[in-house]
Amino acid sequence: MTGKERYKRQITFEGIGEAGQKKLSEARVCIIGTGALGTIIANSLCRSGVGFLRLVDRDYIEETNLQRQTLFTEWDASENRPKAIAAADHLSKVNSEVQIEPIVDDANASNIERLIKDADLILDGVDNFETRFLINEACHKHKIRWIYGGAAASGGATMNFLQEDDAPCFRCLMPEMPEPGAYPTCNTAGVVNPITGIIASYETAEALKILTGAESVSRRYLAVDVWDNLSEYIDIEKNPDCPVCAHRRYETLDSPFSSYAAALCGQDSWQIVPENRRAADFDALSARLGRLGEVKTSKFLLRFRGDGVSFKLFPDGRAMIDEVKDEVAARKIYAEYIGQ
Amino acid sequence: MEIAFKFIGMTKSLVDGKAELTLDVPENCTVEESLGILGIDCRTTKQFHFAAVNDKKSELERILQPGDSVKVFPRSFGG
């Protein structure tokens, strides 16, 4: 299969043409979060012939993801495969010309700069504002353009952050990070798949425009609600006192990294990331935990269920603790079953 | 003076599910005060992200003028 034939329809489109297609083939894009938004973005950019895609996701696939996360199958869910790996496997069969790098990890202050530094563009598929604050700061620091996208219930929003001198950054749009619990979650608000498809498609369209140098790149905030039949474009001004884009203070990025816990959107789960990341000894843990309940291991994770406790442990020591109400309960299980 | 309000997505739940309404507000009323009349505390309400006046994101302290249109946006968080 020749590239020229594959991309014939979009090369014919005057907005892209031969020159635009060449730029796409040379572009490097990092998609952080390969859930509902990220799978649609990755699918479209892969089919469009973006030369390099880095797919970053900390999570594994569950049955409840299948309603909207378009690259995954029932088998992926039954095996609890990591999202980044499953997405990369699928896309490598769609377009073998694209170089795809899956990364199963949490994007956090210790690794975000490494994840984004060699990319031309970052696309947001994450489910929390903490990571978006980090992406915003890292992208501003390294002058890398990024596209925000978020969706819940029947509504969503997207905006480009282009690192232009007079343009706002995400912190101008959202001056303070909401406290955990201070905004609805996927659990409480739900989500219908047309809105994730629409927001992801807008993000993809803006990505294609940015990467090909189109003049029509949007500089406005777009909110859409598919149940209320509305699309609203809003102007966002740069905050002259913004800590990030006015004063270059990167408070989230520069905060010392330590062990932390995070509630996972759409699940009754908490992620525990230990301060010292080191390879988990699956064999030793399997032998110990096997006396307490059912243990299944693959090269991607160890699953434990028993004694009223359920969790998944990744090879780097990161764990997802299921069916717990709060961080304290999650940390207790981590300490008792996995160890410090 | 009359001000037109539009509530986007989840913010409709703050005004009994109404997508649009018109409110008579006093002179020199700020965006925050006008929403307060509707029972919305912009500083603590989970669903509230920001308000736009005439399609531009606004400071809560902005004083409304006759004919202004206020749109209230939720936080779009999920991915």
Side-chain angles (χ1 to χ4, degrees), chain A residues 32-38 57 68-69 124-129 131-132 148-159 168 172-176 178 181-186 188-191 195-196 199-200 220-221 223-230 232-237 239 265-266, chain B residues 2-23 30-36 38-65 67-79:
Chain A
I32 303 184
T34 53
L37 298 178
D57 201 293
R68 65 198 180 284
Q69 302 187 13
D124 166 18
V126 306
D127 60 5
N128 66 88
F129 291 118
T131 310
R132 291 185 178 112
Y148 155 68
S154 58
T158 179
M159 185 170 175
C172 301
L173 171 65
M174 183 172 284
E176 298 297 331
Y183 53 92
T185 69
C186 301
T188 56
V191 63
I195 192 59
T196 47
I199 294 301
R220 306 180 83 194
Y221 178 88
V224 177
D225 193 294
V226 293
W227 230 249
D228 289 341
N229 316 314
L230 64 83
E232 300 278 353
Y233 281 97
I234 298 296
D235 290 319
I236 310 289
E237 289 190 332
N239 172 5
C265 186
Chain B
E2 285 206 330
I3 300 292
F5 290 83
K6 190 168 185 179
F7 293 87
I8 312 298
M10 282 188 274
T11 65
K12 282 189 308 178
S13 66
L14 304 172
V15 283
D16 297 327
K18 295 188 185 82
E20 296 184 47
L21 58 87
T22 303
L23 186 67
T30 65
V31 171
E32 184 170 15
E33 288 164 349
S34 72
L35 292 170
L38 292 166
I40 301 166
D41 182 343
C42 302
R43 313 276 172 178
T44 60
T45 301
K46 280 185 180 184
Q47 290 90 338
F48 180 86
H49 177 192
F50 69 89
V53 177
N54 305 331
D55 294 332
K56 185 185 245 185
K57 183 176 182 277
S58 171
E59 297 292 328
L60 293 173
E61 298 79 16
R62 175 178 170 148
I63 293 172
L64 293 168
Q65 303 296 324
D68 276 349
S69 141
V70 177
K71 293 176 182 170
V72 179
F73 289 85
R75 294 185 177 113
S76 289
F77 50 88

Engineer: For B:E61, I'd like to know if atom CD has over 12 heavy atoms of other residues, nucleotides or ligands within 6.0 Å.
Structural biologist: yes
Engineer: side-chain hydrogen bond (donor to acceptor under 3.5 Å, both in side chains): which pairs involve residues 4-20 of chain B, sequence neighbours left out?
Structural biologist: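 Sorted result for residues 4-20 of chain B: A:D228-B:K12, A:E232-B:K6.
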Engineer: B:F77 and A:A189: which non-hydrogen atoms are nearest, and at how many Å?
Structural biologist: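 So the two residues come closest at CZ-CB, 4.3 Å.
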Engineer: Find out whether B:K57 and A:E237 are in side-chain contact, i.e. whether some heavy atom of one side chain is under 4.5 Å from a heavy atom of the other.
Structural biologist: no
Engineer: Considering only heavy atoms, which portion of B:A19 lies under 4.5 Å from any heavy atom of chain A: side chain, backbone, both, or neither?
Structural biologist: neither
Engineer: Minimum heavy-atom separation for A:Y148 to B:S76, with atom names?
Structural biologist: OH-O, 2.6 Å
Engineer: Checking heavy atoms, do the side chain of A:D235, its backbone, both or neither come under 4.5 Å from chain B?
Structural biologist: both
Engineer: Tell me, for A:Y233 versus chain B, whether the close heavy atoms (under 4.5 Å) come from the side chain, the backbone, both or neither.
Structural biologist: backbone
Engineer: Applying salt bridge (charged side-chain N to carboxylate O under 4.0 Å, His left out), name anything that partners B:E2, two or more places apart in sequence or on another chain.
Structural biologist: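 Here no residue qualifies.
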Engineer: Could you pull out the closest heavy-atom pair between B:F73 and A:I234, with the gap in Å?
Structural biologist: CZ-CG1, 3.4 Å
Engineer: Return the minimal non-hydrogen interatomic distance between A:R132 and B:G78, and the atom names on each side.
Structural biologist: NH2-O, 3.5 Å
Engineer: Does any backbone or side-chain atom of A:L173 lie under 4.5 Å from a heavy atom of chain B? Answer side chain, backbone, both or neither.
Structural biologist: both
Engineer: Between CG of A:L230 and CD1 of B:I8, what distance do you get to the nearest 0.5 Å?
Structural biologist: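 A:L230 atom CG to B:I8 atom CD1 measures 5.0 Å (nearest 0.5 Å).
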